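To start, the structure under review is shown below, and the notes come after it.
Only a predicted model underlies this, so the values are computations on that prediction, with no experimental measurement involved.
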Amino acid sequence: AAEFIQAELTSTLEGLELEMVSVPKENRLALQKEGDFDISLTRWGPDYADPTTYLSLLTADSPYNYGKYQSDTYDAVYGQIAYTFDLEKRWELLKEAEKVAMDEVAVTPIFQVGGASLISEEVQGIETHAVGVPFIYKNVSLQE
């Protein structure tokens, strides 16, 4: 992915040069925490089934806000989410926070990971989850 992005950017933006540095995860995290990068290609997988699993990363006080994105508007909108119990209003606030972040180019989403699994119709009871552990086999049985 990084090589493709590098090729696209340097062939499209005349004069742009990008040096790619591939490092082990521990080193990458240390460089990100120190702010020692210009562009960082990384991923974040959701820990729980709510948009705040991503949106919380962009608050000014988030320990994972490696790009040091700071927006008073974003923080004000995001700050209302935890105290809004009307689900429709909360959803609108989540969308508003995302719009602020995307309009201000806080991050640039590149791709979303996906996968496919073939499961025989004879296998019953597999629980599937979009976030966290993808499959739970506790109640699996075979039907003939």
Side-chain angles (χ1 to χ4, degrees), residues 1-140:
E3 290 173 355
F4 174 79
I5 293 166
Q6 179 187 36
E8 288 296 305
L9 289 174
T10 55
S11 68
T12 304
L13 301 172
E14 188 176 326
L16 178 67
E17 294 181 23
L18 292 177
E19 177 188 354
M20 237 185 334
V21 179
S22 180
V23 296
K25 182 178 179 179
E26 285 184 19
N27 299 74
R28 176 182 50 81
L29 291 174
L31 291 169
Q32 287 176 307
K33 287 176 185 176
E34 295 166 11
D36 188 9
F37 64 93
D38 293 317
I39 299 172
S40 178
L41 178 63
T42 186
R43 66 153 206 85
W44 188 269
D47 299 313
Y48 50 91
D50 188 87
T52 58
T53 194
Y54 294 105
L55 296 174
S56 65
L57 302 173
L58 300 175
T59 59
D61 61 352
S62 170
Y64 303 106
N65 184 355
Y66 299 134
K68 306 292 187 248
Y69 169 70
Q70 188 163 2
S71 168
D72 292 340
T73 304
Y74 183 85
D75 286 346
V77 173
Y78 187 85
Q80 296 176 56
I81 293 168
Y83 302 102
T84 302
F85 300 102
D86 177 314
L87 294 180
E88 288 182 29
K89 181 168 173 55
R90 184 178 186 274
W91 185 249
E92 292 305 313
L93 288 167
L94 290 164
K95 292 191 308 186
E96 186 179 345
E98 180 185 52
K99 182 173 182 353
V100 170
M102 292 300 97
D103 287 351
E104 295 181 355
V105 195
V107 293
T108 306
I110 302 293
F111 57 86
Q112 180 173 326
V113 176
S117 300
L118 294 174
I119 301 172
S120 169
E121 291 179 359
E122 296 175 357
V123 176
Q124 301 293 309
I126 294 178
E127 292 180 36
T128 60
H129 299 275
V131 298
V133 177
F135 300 104
I136 296 180
Y137 301 102
K138 183 170 82 173
N139 298 311
V140 170

Requested in this report: Apply side chain to side chain contact (heavy atoms under 4.5 Å, CB included) to Met102 and Thr108, showing your working.
Outcome: CA-CA 8 Å; Met102 292 300 97; Thr108 306; over 6 Å; no
Report task. Starting from the C-alpha separation in whole Å, work towards a yes-or-no answer on side chain to side chain contact (heavy atoms under 4.5 Å, CB included) for Thr52 and Arg90. Result -> CA-CA 11 Å; Thr52 58; Arg90 184 178 186 274; 3.8 Å; yes
Query - side chain to side chain contact (heavy atoms under 4.5 Å, CB included) between Leu18 and Ile39, worked out - result: CA-CA 9 Å; Leu18 292 177; Ile39 299 172; 4.3 Å; yes
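More than 12 non-hydrogen atoms from other residues, nucleotides or ligands lie less than 6.0 angstrom from CZ of Phe37. Annotation for Gln70: atom CD does not count as buried by contact number, only 12 or fewer foreign heavy atoms lying within 6.0 Å. Within a 6.0 Å sphere centred on CG of Asp72, other residues, nucleotides and ligands contribute 12 heavy atoms or fewer. For Tyr48, the OH atom counts as densely surrounded, since its 6.0 Å shell holds more than 12 non-hydrogen atoms of other residues, nucleotides or ligands. A 6.0 Å sphere centred on CG of Leu87 holds no more than 12 heavy atoms belonging to other residues, nucleotides or ligands.
Taking every heavy atom of both residues into account, Glu8 and Ser11 meet most closely at O-OG, 3.3 Å. The heavy-atom pair separating Lys33 from Lys68 by the smallest distance is O-NZ, 4.0 Å. Across all their heavy atoms, Gln6 and Met20 have their closest contact at OE1-CE, 3.2 Å. In terms of heavy-atom proximity, Asn65 sits nearest to Ala60 at ND2-CA, 4.0 Å. Heavy-atom minimum distance, Thr10 versus Ala7: OG1-O, 3.4 Å. Looking at every heavy atom in both residues, Ile81 comes nearest to Ala97 through CD1-CB, 4.4 Å.
Taking a cutoff of 4.0 Å between a charged side-chain nitrogen and a carboxylate oxygen, Glu96 and Lys99 do not qualify as a salt bridge.
Side-chain atoms of Thr53 do not come within 3.5 Å of backbone N or O of Asp50 as any donor-acceptor pair.
From Leu29, atom CG reaches atom CD of Glu34 across 11.0 Å, with rounding to the nearest 0.5 Å. The line from OH of Tyr64 to OG1 of Thr42 is 12.0 Å long, rounded to the nearest 0.5 Å. With rounding to the nearest 0.5 angstrom, the OH atom of Tyr78 is 11.5 Å from the CG atom of Leu93. Atom NZ in Lys89 sits 11.5 Å away from atom CG in Leu94 (nearest 0.5 Å). Atom CG of Asn139 sits about 6.0 Å away from atom CD of Glu127, to the nearest 0.5 Å. For the atom pair CD1 of Ile5 and CG of Leu41, the computed distance is 5.0 Å after rounding to the nearest 0.5 Å.
Residues Tyr74 and Tyr69 bring their aromatic ring centres within 6.0 Å.
Looking at Ile119 and Phe135, their side chains come closer than 4.5 Å, going by heavy atoms from C-beta outward.
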